[in-house]
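Heads up, the thing below is written out as structure tokens.
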Amino acid sequence: MHLIEFFAGVAAKRLRAVEADPKVSNQHEFDGINQFRRLLGNDDRKFDTTFMYVTDDDDPIVQSEWTRWYDSRRNQPKRSAEYRLYFPTTEVSQCYNEGDLLIVALRPDQSLLVIASPEGSTAGEQLLWLFGLESPNGTDIVKDAGEIDRDVDFVVRQVLDAVGIEASPPAVDADVVVERFGKKLPTTREFSCFAREMAGDCDPVANSDSVLMLWLDTEERYFRAFERVLVEDRLRQGFLLEGDAVDVDGFISYSLSVQNRRKSRAGHSLENHLEEVFGCSGIRFDRGAKTEGKSKPDFLFPGRAAYHDMTFNAAKLAMLGAKATCKDRWRQITAEADRIDGKHLLTLEPSISVNQTTEMRTRAVQLVLPAAIHDTYTSVQRDWLWTVSQFIEHVRELQV
């Protein structure tokens, strides 16, 4: 699967006050975008459009509407063309602020996806990384499908999922899962174990970063295949009330449960596979051990007994928070494990903003990512990031 299956081209710019602030103007147009002609053409057109506003804090705001692409000087032949993209007032447009990143993506069906994100946000950085764009400061950027194409791997699927685009992982045989578990979801621990079995022989000690990603990818592929079987069975049963009335609330509730289950299992999957990597590496740890009050770090090294032994050297303790996606939730770990000054956070989140990673460093949080995700960060950030293997070596040295 490749990105060109989802996008025929993309353009990016920064919103100006006249485009974002109704106190300045109510024109409802993205202007100064003549370069977008490379993407949208020279003819006046109307596009079916999905508008999104994506932040680091909340779920995206999404609304379906339309846009009109036109030359505002078409009837003035002596003047050069001045193209604009008109948009109606939407819940999304009311979120716009000067300086926001604006991405206009042309879909293969000739509809548009218009995504805005706050300046300096992780969401915006992820979109720029997804399309291989530089930050458009002063100059608009336009790329066609061939220039943005890339394999849709585990990391790319995460970013696409964040903007509501379903990018199914490579297909696997769901019958293998059904034969093992029937048509009932096993525990997350059982499914993770199954995924490692299906991934085949590998060495999580010598290749902890790549093996962790392999296990995660394998689990996602088999879970999505199994989930499809279960969801199709439920849809065939239908959502009907007495008298053949459609149970809309029941359908919505079921849909939400499927989405929430995906998010929950992603986090448990990461912890399950990290537990296996750490166990194979021979380092001592407890998973989910209580420290103070209700605090339970995901991983505590060398464990609960040492942590609560006040004679144990606190400099030999370590903790690791594990979050498949972290957004602003990374701050939660700073309140865990009071005896440990420097915290470690492992995530699968690509392209966390410079603002966020700078704050992490200020608050003594060391970010850990599988090596394959490091390339989504800036060169300055990469100098500071740790790999999984580096973290394991750090803990191993503490436990000598």
Side-chain angles (χ1 to χ4, degrees), residues 7 9-58 60-76 79-107 111-144 147-148 163 351 353-356 378:
F7 301 103
V10 65
K13 64 172 291 184
R14 294 282 175 189
L15 290 180
R16 305 173 183 176
V18 70
E19 300 165 302
D21 189 348
K23 296 178 182 178
V24 176
S25 172
N26 287 306
Q27 66 179 32
H28 295 293
E29 293 178 326
F30 303 127
D31 57 13
I33 53 177
N34 277 345
Q35 291 188 74
F36 283 27
R37 293 165 69 181
R38 180 179 163 195
L39 178 69
L40 303 180
N42 296 315
D43 299 329
D44 290 2
R45 298 180 62 183
K46 192 173 182 179
F47 293 92
D48 291 330
T49 303
T50 299
F51 292 91
M52 301 185 70
Y53 197 78
V54 186
T55 71
D56 296 343
D57 303 320
D58 304 304
I61 300 172
V62 184
Q63 190 165 343
S64 296
E65 267 292 350
W66 53 272
T67 50
R68 181 190 166 206
W69 173 248
Y70 74 104
D71 177 8
S72 63
R73 295 176 176 174
R74 188 169 295 281
N75 296 323
Q76 303 174 48
R79 303 183 67 186
S80 59
E82 185 175 278
Y83 279 82
R84 298 178 179 179
L85 187 64
Y86 179 87
F87 58 90
T89 298
T90 65
E91 185 180 358
V92 175
S93 68
Q94 292 173 338
C95 298
Y96 291 162
N97 293 288
E98 182 180 4
D100 283 355
L101 172 68
L102 184 78
I103 299 284
V104 177
L106 180 65
R107 304 295 300 275
S111 66
L112 293 183
L113 177 62
V114 176
I115 314 174
S117 188
E119 185 175 15
S121 65
T122 291
E125 292 301 316
Q126 290 175 344
L127 289 168
L128 292 172
W129 170 80
L130 177 68
F131 295 114
L133 301 172
E134 298 293 330
S135 182
N137 295 315
T139 303
D140 300 341
I141 303 172
V142 183
K143 290 192 174 184
D144 59 30
E147 293 174 301
I148 64 172
V163 294
S351 298
S353 70
V354 172
N355 291 342
Q356 292 271 27
T378 68

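Note that these values count all heavy atoms, side chains included, but never hydrogens, waters or copies made by symmetry.
Legend: residues meeting side chain to side chain contact (heavy atoms under 4.5 Å, CB included) with Gln35, ordered by chain and number and at least two apart, are Thr139, Asp140, Val142. Partners of Glu147 according to the side-chain hydrogen bond (donor to acceptor under 3.5 Å, both in side chains) rule, which considers only residues two or more places apart in sequence or in another chain, are Arg38.
Listed for the Asn97 side chain is a donor-acceptor partner under 3.5 Å among the backbone atoms of Cys95. Between the side chain of Asp56 and the main chain of Ala123, a donor-acceptor pair closer than 3.5 Å is present. Side-chain atoms of Trp69 never come within 3.5 Å of backbone atoms of Asn42 as a donor-acceptor pair (strictly under, hydrogens ignored). Under the 3.5 Å distance criterion, the side-chain polar atoms of Lys143 are left unmatched by any main-chain donor or acceptor of Leu39. Between the Ser353 side chain and the Ser121 main chain, no donor and acceptor come within less than 3.5 Å of each other.
Within the model, atoms CG of Leu127 and CD of Glu125 stand 9.5 Å from one another, a figure rounded to the nearest 0.5 Å. How far CZ of Arg107 is from OG1 of Thr49: 11.5 Å, rounded to the nearest 0.5 Å. Once rounded to the nearest 0.5 Å, the distance linking CG of Leu40 with CG of Leu85 reads 6.5 Å. For the atom pair Ser135 OG and Ile141 CD1, the distance stands at 7.0 Å (nearest 0.5 Å). Once rounded to the nearest 0.5 Å, the distance linking OG1 of Thr50 with CG of Leu112 reads 9.0 Å. Atom-to-atom distance recorded for Lys46:NZ and Arg68:CZ is 9.5 Å, nearest 0.5 angstrom.
Ser111 places none of its side-chain heavy atoms less than 4.5 Å from the side chain of Leu106. Residues Leu15 and Glu98 have side chains not in contact (no heavy-atom distance under 4.5 Å, counting atoms from C-beta outward). In this structure, Met52 and Leu113 have side chains that are in contact, with non-hydrogen atoms separated by less than 4.5 Å. Contact annotation: the side chain of Leu128 never approaches that of Ser351 to less than 4.5 Å [non-hydrogen atoms, C-beta and beyond]. Residues Val104 and Val10 form no side-chain contact, since every pair of their non-hydrogen atoms from C-beta on lies 4.5 Å or further apart.
Here the closest heavy-atom approach between residue Ala116 and residue Leu102 is recorded as CB-CD1, 4.2 Å. Nearest approach of Asn355 to Gly120, heavy atoms of both residues: ND2-O, 3.6 Å. Considering all non-hydrogen atoms of both residues, Val54 and Ser117 come closest at O-OG, 2.8 Å. Residues Arg16 and Gly32 share a closest heavy-atom pair of NH2-CA, 3.9 Å. Smallest separation of non-hydrogen atoms from Glu91 and Gln63: N-OE1, 2.9 Å. Residues Arg37 and Ala81 come closest through the heavy atom pair NH1-CB, 3.9 Å.
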Quiz item: What's the verdict on side-chain hydrogen bond (donor to acceptor under 3.5 Å, both in side chains) for Asp100 and Tyr53, showing C-alpha distance, side-chain angles and the deciding distance?
Solution: CA-CA 10 Å; Asp100 283 355; Tyr53 197 78; 2.8 Å; yes

Self-check item: Worked verdict on Ile103 versus Leu130 for side-chain contact (heavy atoms from CB on, under 4.5 Å)
Solution: CA-CA 11 Å; Ile103 299 284; Leu130 177 68; over 6 Å; no

Quiz prompt | Evaluation steps, side-chain contact (heavy atoms from CB on, under 4.5 Å), between Phe30 and Val114 | solution = CA-CA 11 Å; Phe30 303 127; Val114 176; 4.2 Å; yes

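Taking a cutoff of 4.0 Å between a charged side-chain nitrogen and a carboxylate oxygen, Lys13 and Glu19 qualify as a salt bridge. Salt-bridge check for Asp71 with Arg84: failed, with every basic side-chain N at 4.0 Å or more from each acidic carboxylate O.
Side-chain atoms of Thr89 and His28 form a donor-acceptor pair, as typed in the model, at a separation below 3.5 Å.
Checked against the 6.0 Å centroid criterion, the rings of Phe131 and Phe7 qualify as a close aromatic pair. The aromatic ring centroids of Phe36 and Tyr83 lie 6.0 Å or more from each other. The distance between the ring centers of Phe51 and Trp66 does not fall below 6.0 angstrom.
Other residues, nucleotides and ligands contribute at most 12 non-hydrogen atoms within 6.0 Å of the CG atom of Asp48.
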